[in-house]
Amino acid sequence: MLKHFIPLVYVVALAAAADNNTFYVSITYGNDTHDGTSLGSAFRTLARAQSAVRLALKIQGENLARAKKATVDPINVMIVPGKYLFAAPLAFGPEDSGPSPDAPVTYKMLTNSDLDALPLTKRESDAVAKAKNLSSLVVISGAIPVSGWKQDIRQDSLGRSVSSGWMVADLSSAPTRALAARHLWVNGRRAARTSVPGATGPRRPPIWGSKAWAFESKKSVNWSKINVTSPVSGKMVERMTCSSSGFKLKPGDHANTALAWPNSGAGVELVFQGVSPAAWAEPRCPVANVTNTSDGGAFIEVVQPCHCSYAYKCLLMTGGKPSVNPPTAILNVGVAGATASSAQPTPGTWWLDPQEKRLYYAPLAGEDMAAAEVLLPITEALVRGANVSNVRFRGLSFRHTTWLQPSSSTGFVEVQSGQHLSAPGWPGSISGQLLTTPGAVTFTAARNISLEECEFTALGAAGASFDRAQSCSLSKCYIHDVSGAAVQFGRFAGPNATLAPGPDTPESERDLRNSIVDSVIVGAGAELRGAAAVSIGYTAGTRVSQNTMTQLPASGVSLGWGWGRPGGASFMKDNQVIGNRVHKFKEVMHDGGCVYLQGDQPGTLIADNWCSTLMPNGGGGVLYPDEGSGEMLWRSNVLTDIPHSVDAYHIWTASVHNQAFIDNFRASTKVNNHGTNITFVNDTLIDGSHPPLAAWSIMNASGAGGQSLWPLPDIPLPPV
């Protein structure tokens, strides 16, 4: 961006562009010294085009103020297909705002139909020919390519040179931030970080068994009263004191395994995968070191404040029991020294040595590293906007980000659906602050931002995230292979440490009238598996409509926050979850739902959704109003391929109140109703393999329609 100094060549180009409303960008043949006003004189970078747009907006405003022009025109940035590398996010602020919702600034992919409509001079004909021969997508990528792969050769016990099974690439010329990356994509596939002893699959591993890990001592994690008045309840705050610094393991297999970790455990990551004490979350903390104890056991020191945040969560959920089920994955984050000699080269896995600046990868069978596309992300976000309005993105593919916080001292102590603690303490209390997993595209205090026909994939955190946003939307988007939620709307805590933004929250601070419609979500929560595909906090008028979602480790839609705790009253109301097709949800986590709600939400409607295919041991339910939720209508939803052991409606506590379930169809016989003033009308038990016509019609009408750019998952309808 050009903020302080603009070279003369730029001044000339900007002056030439000032009266134009359409600019062109081509990473292949553009040049930032061009004026950008035609395809043949395209800019090279989006940052350069953004500068031209800002000047054009300024001149439009001046002309309008001087009454030289009675109206304002929309401004278009036409982007020629190709791969655009972002080493840092493109930032949008008030100066990037379009004049009005009807005259936005649009950043869009230049399509063949756009090219065919251009008036052709000889120069433009050549440019059109070039553009039509390029890639079919505009890819906004935050990754650098890695090449120059060689076999990793070591000396065996006899002094012979042998291959270790790893391929290695030199990163000495890569940006420093690349050495901290937590993600890697090889030939379009998310590669797994290599494991150290103790790791297995998504369930509790046999190596650890069922015996709990104990915190440092029984008295090291406890409650104490402090003389601070809670802004929520008006009472004294209960908070944790924590002197624990890790886990003490008794002599035996647990201790021996931990003591065998490379680098004395430094750089290893503990991942508590979907087990007690919170089967809906998956916290993770880095290890500081592992040492021997005097009794022949081991002590695992975990970095702070991550460890005490996790200890707090465990204490809260277990009612004071000072131990937890053991972690079920131990992942190598990237450590130096002896790691390479001890890590096994499992095909498709990788690790990074930041000290030696070397990247190791074990190829899959038949994978030719000389021809492979290996991409290492160097940025955590691609687009960030604040206090901006009336901007549209169309036909862009956002790819390749990482997220570094889980490797930091904060770690990732998940409370629920990607929301996590910054410090020990209940979120919203004096001591605990709640953080939201960042999006590759993030807008704060924004108005009328739309993403149309965009792709989000190969991302290290969430897809798109909106906070204090109004009238923002995603439509006809394709979101797949993202580490966290596909999309997030709203805040998950109020200001001034209150639990909820109350009914008196100023209009400017509310999330209102946002939507995701007619979009496809596949494989959200690919890494942070507690995240719902669509995660929504405190909002009003939000619409989740006609989307298709599948291959989800946790919930499909999570809507609302607060649980009905003291101070939980909020401005939430009039939200809608309508006509969605949610298939294969809760494939890993043991709690959640196809549609999960929290808090009072008067006027909220959940209707015409088709929820199908849930694993037999999934906890929670399918339609799940959680604690404190009320004033909602659940109408004409169809639930098929649901085990009879799983609740069709999970209304587990009396704080769930004033809800109506009308004209729903369910294949599960189980209903859990312990709520207050819950009404059921025309609740029909069906054979999901041959549903009645009324149910089949709802199923047939659900989900996303035809996508102009993106594929639709194959979710076949059963016969009537």
Side-chain angles (χ1 to χ4, degrees), residues 83 85 135-137 139-152 165-169 171 174 178 181-195 199-202 269 271 273 329 331-334 343-352 358-380 382 397-403 406 440 455-463 478-486 520-529 531 533 549-553 584 587-588 709-711 713-714:
K83 183 175 288 186
L85 173 63
S135 162
S136 60
L137 290 175
V139 175
I140 310 297
S141 173
I144 58 170
V146 180
S147 59
W149 292 92
K150 299 177 181 179
Q151 285 195 13
D152 180 44
W166 293 101
M167 298 292 287
V168 61
L171 296 180
R182 293 171 53 88
H183 303 88
L184 186 75
W185 278 270
V186 180
N187 294 328
R189 174 186 56 84
R190 178 187 292 256
R193 288 178 292 160
T194 192
S195 300
T200 63
E269 183 169 301
V271 184
Q273 291 187 335
L331 301 178
N332 185 335
V333 177
Q344 296 301 309
T346 304
T349 64
W350 68 283
W351 67 281
L352 193 155
R358 306 182 89 192
L359 177 64
Y360 293 82
Y361 175 72
L364 296 172
E367 203 164 39
D368 179 6
M369 296 309 295
E373 181 186 51
V374 181
L375 297 171
L376 185 68
I378 60 173
T379 185
E380 297 182 281
L382 299 171
S397 180
F398 299 98
R399 303 183 182 186
H400 310 130
T401 61
T402 190
W403 185 40
E455 180 186 37
F456 297 79
T457 188
L459 301 175
Y478 180 34
I479 310 172
H480 58 113
D481 186 26
V482 297
S483 287
V520 173
I521 299 172
V522 180
E527 177 189 11
L528 310 173
R529 301 184 305 177
M549 313 177 201
T550 189
Q551 299 175 27
L552 308 176
K584 291 187 177 179
E587 289 196 300
V588 174
L709 293 175
W710 317 117
D714 182 19

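Along the sequence shown, residues carry numbers from 1. Just the heavy atoms: all of them, side chains too, but no hydrogens, waters or symmetry mates, feed the values below. Because the structure is predicted, anything quoted here is derived from the model rather than measured.
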Please work out whether the ring planes of Y360 and W351 are parallel, tilted or perpendicular, with thresholds of 30° and 60°. parallel

Any residue meeting side chain to side chain donor-acceptor pair (under 3.5 Å) with T349, in chain and number order, not counting sequence neighbours: none

State the NE2-CD1 distance between H400 and I140, to the nearest 0.5 angstrom. 12.0 Å

Between Y361 and V146, is any pair of side-chain heavy atoms under 4.5 Å apart? no

Scan residues 362-380 for pairs that pass salt bridge (charged side-chain N to carboxylate O under 4.0 Å, His left out), counting only residues two or more places apart or in two chains. K83-E373, R189-E367

List for me each residue that meets side chain to side chain contact (heavy atoms under 4.5 Å, CB included) alongside A524, sequence neighbours excluded, and say none if there are none. V482, A486, I521, A533, L552

Side chain to side chain contact (heavy atoms under 4.5 Å, CB included) involving A531 - partner list, sequence neighbours excluded: A485

Do E455 and R399 touch side chain to side chain, with heavy atoms closer than 4.5 Å? yes

Indicate the atoms forming the closest heavy-atom contact of R358 with L171, along with that distance. C-CD1, 4.4 Å

Minimal heavy-atom distance between A181 and L376, with the atoms involved, is CB-CD1, 3.7 Å

Spacing of OG1 belonging to T457 relative to CD1 belonging to I479, to within rounding of 0.5 Å: 10.0 Å

Could you pull out all residues at least two apart from W149 that satisfy side chain to side chain donor-acceptor pair (under 3.5 Å)? none

Is the shortest side-chain heavy-atom distance between T194 and W166 below 4.5 Å? yes

Side-chain (W350) to main-chain (A191) donor-acceptor, under 3.5 angstrom: yes

Smallest heavy-atom separation, A526 atom then D481 atom, equals CB-OD1, 3.9 Å

As an exercise, state the distance from OG1 of T346 to CZ of R193, rounded to the nearest 0.5 Å. 14.5 Å

If I compare all heavy atoms of P363 with all of P347, which pair ends up nearest, and what's the gap? O-CB, 3.5 Å

Considering non-hydrogen atoms only, spot the tightest contact between T402 and H183 and give its length. OG1-ND1, 2.8 Å

Closest non-hydrogen atom pair, A372 against N187: CA-OD1, 3.4 Å

Look only at the side chain of S483 and the backbone of L528, and say whether a donor-acceptor pair between them is shorter than 3.5 Å. no

Between E587 and R529, is the salt bridge (charged side-chain N to carboxylate O under 4.0 Å, His left out) condition met? List the steps. CA-CA 10 Å; E587 289 196 300; R529 301 184 305 177; over 6 Å; no

Close side-chain approach of S397 and Y478, heavy atoms under 4.5 Å: no

Rounded to the nearest 0.5 Å, what separation is found between the CG atom of L184 and the CG atom of L359? 5.5 Å

Mind checking what makes side chain to side chain donor-acceptor pair (under 3.5 Å) contact with T550, not counting sequence neighbours? none

Taking the side chain as everything from C-beta on, heavy atoms only, tell me whether K150 gets closer than 4.5 Å to M167. no

Is the side chain of T401 donor-acceptor paired with the backbone N or O of G460 at a distance under 3.5 Å, no angle test? yes

I want to check something: taking the side chain as every heavy atom from C-beta on, are P145 and V374 in contact at a cut-off of under 4.5 Å? no

